[in-house]
Amino acid sequence: MNVNGKHYRTIWLKQDDDSVVQIIDQRHLPHEFVIEDLETIEDVAAAIKDMHVRGAGLIGATAGYGMYIASLRAPKDDLTAFSAFMEESGKILKATRPTAVNLAWAVDRQHDAMAAGEMIKEKVSIAKKTAIDIANEDAESCRMIGEHGLSLIEKISQEKGDEPVNILTHCNAGWLAFVDHGSATAPIYAAHDKEINVHVWVDETRPRNQGARITAWELGQHGVPHTVIPDNVGGHLMQHGMVDIMITGTDRTTFTGDVGNKIGTYLKALAAKDNGVPFYVALPSSSFDWKIRDGVKEIPIEQRDATEVKYIKGLYNGKVIPVLLTPIDSPAANFAFDVTPSRLVTGLITERGICPANEKGVLSLFPEKKV
Ligand code: MRU
């Protein structure tokens, strides 16, 4: 996607030094565009844990590159020491954030791929290739999600004539949450590029405001008409026919169709059901958890620091500063994700097509996952 007219991915190898990984440090958006170098496994772990990078696909891609960086820094004179270092690095990365399944998926994919190499040198070059493959596949899957999801928006647009198609989204499942294109936003970009009249309601997404800060910024960069709304407005808009379709992303979806996503998604899905608004979830297959069946019981929910709830960050006199919202002594709880049961989900948009949010539907697109 473009930033001020220049194409960027969210993560890449540094041009003149492929032992360094570069990322867009999202903590500074939308007010500053900062590129950060990651050179050690500690840098990578901190970038994921402290949310310099975030979003399911990008967390996975960063973990993939993290394993490559670990392979470069690992001891090279002894295979056992090399393997122990890689094992430990995988554990460090997996412990950074619990909910997005792409993280463990990418680390395990690296371990499996590197196991095929015999010499250390070969393992390092496999790790590099695998990291690049994970990133390229993520971008391509999101592009395909855009192609498939476009048909939903196109159909609504044909029914509405000149009126804009109003899409509600939550959090940021845009290109900044992946390597490129985004999941929930990919169909929106595809529709906009096809000159379909779209307008996006952007949930601000308290407490970190990924919608207000990041989704709004990237839609703006691409010229997509949008309006930021407080999180509690969606129900009202739906009651008044001002939302045609909801599309969100997901951090982990069970193969039975339960969707773990940013806190607040469940309430929007309930409102969508009550108002007959189609509620779609867009995801690359790397965000499916093929092992668990009951999302509410089994998807781990990250709890983040209470300061994110108690303070809000914003631009003041040209500087980004935190401001205290609550009484200083009031405790705050910060559940970062919730689970929307499959019965509230109209369909899943994947790189292989759109399916109902249930086991039969998911396995019809991914038959190789049948046990
Ligand atoms: O806590 P974050 O910002 O990493 O949350 C993840 C998300 O961006 C959302 O939950 C998103 O809708 C799904 S991830 C593409």
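Position 1 is the first residue of the sequence; numbering continues from there. We count ligands from 1, going down the list as the structure has it; atoms in each ligand are counted the same way.
Ring-plane geometry between Tyr8 and Phe33 is classed as perpendicular, the angle between the planes exceeding 60 degrees on a 0 to 90 degree scale with a lower cut at 30. Taking the six-membered ring where tryptophan is involved, the planes of Phe288 and Trp290 are tilted, since the angle between them lies from 30° to 60°.
Asp203 places a side-chain heavy atom less than 4.5 Å from the side chain of Ile229. Counting heavy atoms from C-beta outward, Met86 and Lys123 have side chains that stay 4.5 Å or more apart.
Residue Glu302 does not touch ligand 1, judged by heavy-atom distances below 4.0 Å.
Distance CD1/Ile145 to OG1/Thr350: 6.5 Å, rounded to 0.5 Å.
Distances between N or O atoms of Thr250 and those of ligand 1 include no value under 3.5 Å.
Among protein heavy atoms, atom 5 (O) of ligand 1 sits closest to Lys262 CE, 3.2 Å. Looking from atom 13 (C) of ligand 1 to the surrounding protein, the closest heavy atom is Asn261 OD1, 3.1 Å. Atom 8 (O) of ligand 1 has as its closest protein heavy atom Arg54 NH2, 2.5 Å. The protein atom (non-hydrogen) at minimum distance from atom 9 (C) of ligand 1 is Cys171 SG, 3.4 Å. Scanning the protein for heavy atoms near atom 4 (O) of ligand 1, the closest one is Arg97 NH1, 2.8 Å.
Listed by number with element, the atoms of ligand 1 under 4.0 Å from a non-hydrogen atom of Phe337 are 1 (O), 5 (O), 6 (C), 10 (O). Here is the list of ligand 1 atoms found below 4.0 Å of a heavy atom in Ala56: 14 (S), 15 (C). Heavy-atom proximity to Gly55, at under 4.0 Å, picks out these atoms of ligand 1: 4 (O), 8 (O), 14 (S). Those atoms of ligand 1 that come under 4.0 Å of a heavy atom in Asn172, given as number and element, are 7 (C), 8 (O), 11 (C). Each of the following atoms of ligand 1 lies closer than 4.0 Å to a heavy atom of Ala177: 15 (C). Close contacts of ligand 1 with Met51, meaning ligand atoms under 4.0 Å from a residue heavy atom, involve 1 (O), 2 (P), 3 (O). Below 4.0 Å from some heavy atom of Phe178 lie the following atoms of ligand 1, by number and element: 15 (C). Short contacts between ligand 1 and Gln210, defined as distances under 4.0 Å to a heavy atom of the residue, involve ligand atoms 1 (O), 2 (P), 3 (O).
Close to ligand 1: Asp251, with a non-hydrogen atom less than 4.0 angstrom away. Not a single heavy atom of Arg304 sits less than 4.0 Å from an atom of ligand 1. For the pair Ala336 and ligand 1, no heavy-atom separation below 4.0 Å is found.
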Stepwise side chain to side chain donor-acceptor pair (under 3.5 Å) check, Gln303 with Asn334: CA-CA 6 Å; Gln303 290 188 51; Asn334 191 1; over 6 Å; no

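In this model, no donor atom of one side chain and acceptor atom of the other lie less than 3.5 Å apart for Asn172 and Arg213.
A salt bridge is absent between Arg208 and Glu302: the closest approach of a Lys/Arg side-chain nitrogen to an acidic carboxylate oxygen does not fall below 4.0 angstrom. A salt bridge links Asp289 and Arg252; the closest N-O separation between the charged side-chain nitrogens and carboxylate oxygens is under 4.0 Å.
Scored by the side chain to side chain contact (heavy atoms under 4.5 Å, CB included) test, Lys313 finds Val320, Pro322 as partners (sequence neighbours excluded).
Using modelled atom types, no side-chain atom of His181 and backbone atom of Trp175 make a donor-acceptor pair closer than 3.5 Å.
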